Amino acid sequence: QHKFLRHNLQQKIISSYIGKDCKNIKILNRQKWGQTVNQENIVYDILTNRLLEMGIKLKVSPAEFEVTGFDTAKNIFLSKGYFSFQVISELNKCNLDRRADLDKKIYREGSGTTLQFYTKSHSFVVYDKLADLNKPNKRAIDKDNNQLQKNLFKQYQDKRQEILRFEVRLRNKVKMKQTLKKIDYNVDTLFFSELFNELLWKRLLAFYWHSLVVDKNKFLFSMISKTDILMNKILYNFSDIKEQEIIKLIGLHYLTRDKGLVEIRHIYEKKMHGKNWSRFKKQFDKLNQMTEIDNCWGWFGEVDNALRFDK
């Protein structure tokens, strides 16, 4: 009874707190969770009252609820003229990292508004927040697209602001504990009170962003388009490299940069009957190693900066 299953702190709790007064969300968002007891008590009181309305009387504080899964998310306001669907389309070029146990991907090519890396136990989701608000709940990524949310984001829709939303969803207790351990947050039992930790949310988002995109795939978003500049960069980073290896790196750079790893792998395996795709791993690692974030498209640095946990 004390287990608290799946709770999106940024939406469900805050939505309950603000009720019909949209102004309160600005106050709550400007404050850092967990720094004062009063903020937590507000949430505990709301949750206790909501459960009481359902006929459930608690014997302990919600702070003692055991968490078996939770979601965390961040809205990123794009600038520099980029559209959310463009960024999502670019991120679709990434290859799945099976070591991260995310072996499925969904990209809605028709609208280009959603990209999901997922399994039943956890997922990493990127979507166009404003476009999602206009979808019916059955088709929306966020199933809580109520009128309250629409009112909150109306000012941004009127200004045609581009908002890209990143979400991490941990839906399994075992996977949750495994993931928390990877970000050096070791707990035998995670209690509800421990979720009021801004650094925890930031580190989770940064971990997924880096393990899925930055650490393996950032070379896909390089702005370098001139062969001579690319060759000089290769020689600068790998001074003892052989001529054939340089040609291979240049070829892979242009092929994957335009089409993405997924499509090139499909062509290689299905149409060219190629085997052992992993044979190119060393080349991809080199391309990624020599690619700096400053050499990537502007949106990439903007997202990376927004998802950093050390700010």
Side-chain angles (χ1 to χ4, degrees), residues 6-11 14 29-35 67 69-80 82 84 87-88 90-102 105 114-119 121-129 141-142 162-172 175-187 190 194-222 285 288-289 291-311:
R6 285 181 50 206
H7 206 90
N8 189 320
L9 291 172
Q10 287 185 307
Q11 292 178 6
I14 293 177
N29 282 342
R30 282 199 296 265
Q31 298 171 335
K32 291 187 177 181
W33 289 82
Q35 289 186 347
V67 178
F70 66 98
D71 303 344
T72 183
K74 184 177 181 67
N75 292 324
I76 298 176
F77 289 71
L78 297 176
S79 61
K80 304 177 183 177
Y82 290 105
S84 296
V87 176
I88 293 169
E90 286 293 299
L91 289 174
N92 186 46
K93 294 178 179 179
C94 294
N95 197 27
L96 286 170
D97 187 349
R98 293 176 181 173
R99 289 183 300 176
D101 190 30
L102 287 165
K105 181 169 72 168
T114 305
L115 177 64
Q116 296 186 66
F117 301 89
Y118 73 100
T119 62
S121 60
H122 68 141
S123 60
F124 182 60
V125 189
V126 186
Y127 62 96
D128 183 332
K129 178 60 182 176
I141 297 298
D142 185 351
E162 292 293 322
I163 303 177
L164 198 62
R165 186 170 179 85
F166 286 77
E167 290 188 5
V168 171
R169 301 176 175 183
L170 297 172
R171 301 296 171 84
N172 175 277
K175 173 55 66 176
M176 180 189 72
K177 292 179 68 174
Q178 291 174 346
T179 305
L180 291 178
K181 187 176 181 180
K182 290 178 181 179
I183 62 171
D184 298 322
Y185 198 90
N186 297 313
V187 290
L190 184 67
E194 296 177 88
L195 290 182
F196 294 84
N197 185 334
E198 186 180 16
L199 184 59
L200 171 61
W201 303 355
K202 286 184 175 181
R203 294 185 75 165
L204 265 177
L205 286 164
F207 170 74
Y208 275 79
W209 166 251
H210 277 267
S211 61
L212 287 174
V213 182
V214 178
D215 294 347
K216 299 293 181 183
N217 293 289
K218 70 175 180 287
F219 69 94
L220 297 171
F221 316 109
S222 170
D285 287 345
N288 211 66
Q289 180 183 336
T291 302
E292 299 173 355
I293 291 179
D294 290 341
N295 298 139
C296 297
W297 294 105
W299 65 264
F300 191 89
E302 193 171 6
V303 171
D304 185 75
N305 185 59
L307 293 179
R308 286 179 57 185
F309 69 85
D310 55 349
K311 292 190 299 179

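We use all heavy atoms of the structure for the numbers below, so side chains are in, but hydrogens, waters and symmetry mates are not. Computed from a predicted model, the values in this text were never measured in an experiment.
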Rounded to the nearest 0.5 Å, what separation is found between the OH atom of Tyr127 and the OG1 atom of Thr114? 8.5 Å

How would you list, by chain and number, every residue that makes a salt bridge (charged side-chain N to carboxylate O under 4.0 Å, His left out) with Asp294, sequence neighbours excluded? none

Quick check for you: to the nearest 0.5 Å, what is the distance between Ile141 atom CD1 and Lys129 atom NZ? 10.5 Å

Checking Asn217 against Lys93 for the side-chain contact (heavy atoms from CB on, under 4.5 Å) test, could you report, in this order, the C-alpha distance in whole Å, the side-chain angles of both residues, the deciding distance, and whether it holds? CA-CA 8 Å; Asn217 293 289; Lys93 294 178 179 179; over 6 Å; no

Under a 4.5 Å cut-off applied to non-hydrogen side-chain atoms, are Thr72 and Lys202 in contact? no

Any heavy-atom pair between the side chains of Leu190 and Phe70 that's under 4.5 Å? yes

Minimal heavy-atom distance between Glu302 and Ser79, with the atoms involved, is OE2-OG, 2.8 Å

Let me confirm one number: the CG-CG distance from Asp215 to Asp285, rounded to the nearest 0.5 Å. 10.5 Å

Could you tell me whether the side chain of Leu220 reaches within less than 4.5 Å of the side chain of Asn95, counting heavy atoms only? no

side-chain contact (heavy atoms from CB on, under 4.5 Å) for Leu200 and Glu194? Distances and angles first, verdict last. CA-CA 9 Å; Leu200 171 61; Glu194 296 177 88; over 6 Å; no

Between Phe207 and Lys182, is any pair of side-chain heavy atoms under 4.5 Å apart? yes

Tyr82 side-chain N/O to Val87 backbone N/O, donor-acceptor pair under 3.5 Å: no

Smallest separation among heavy atoms of Val67 and Met176, with atom names: O-CE, 3.3 Å

Ignoring hydrogens and geometry, is there a side-chain-to-backbone donor-acceptor pair from Trp201 to Phe196 under 3.5 Å? no

Working to the nearest 0.5 angstrom, can you tell me the gap between Ser211 OG and Phe117 CZ? 10.0 Å

Rounded distance (nearest 0.5 Å) linking atom CG of Leu180 with atom CZ of Arg203: 10.5 Å

Mind checking whether Trp299 and Leu91 have side chains closer than 4.5 Å, heavy atoms only? yes

Phe300 vs Ile293 side-chain heavy atoms within contact, under 4.5 Å: yes

Ignoring hydrogens, what is the shortest heavy-atom contact between Ser123 and Tyr118? Give both atom names and the distance. CB-CB, 3.4 Å

Flag the pair Tyr208 / Thr179 as yes when at least one side-chain heavy-atom distance between them is below 4.5 Å, and no otherwise. yes

Rounded to the nearest 0.5 Å, what separates atom CG in Asp71 from atom NE2 in His122? 13.0 Å

Would you call the rings of Trp209 and Phe166 parallel, tilted or perpendicular, taking 30° and 60° as the class edges? perpendicular

For residues Val303 and Ile76, report the shortest heavy-atom separation together with the two atoms involved. CG1-CD1, 4.0 Å

For the side chain of Glu167 and the backbone of Ala73, is there at least one donor-acceptor N/O pair under 3.5 Å apart? no

Is it the case that the side chain of Asn288 and the backbone of Lys218 share a donor-acceptor pair, with hydrogens and angles ignored and the cut-off at 3.5 Å? yes

Give the C-alpha distance, both sets of side-chain angles, the deciding distance and a yes or no for side-chain contact (heavy atoms from CB on, under 4.5 Å) between Leu212 and Cys94. CA-CA 8 Å; Leu212 287 174; Cys94 294; over 6 Å; no

Write down the atom of Ser84, the atom of Glu162, and the distance for their closest heavy-atom approach. N-OE1, 2.9 Å

Which residues share a side-chain hydrogen bond (donor to acceptor under 3.5 Å, both in side chains) with Asn172, sequence neighbours left out: none

Test side-chain contact (heavy atoms from CB on, under 4.5 Å) on Phe221 and Val213 and set out the steps. CA-CA 10 Å; Phe221 316 109; Val213 182; 4.0 Å; yes

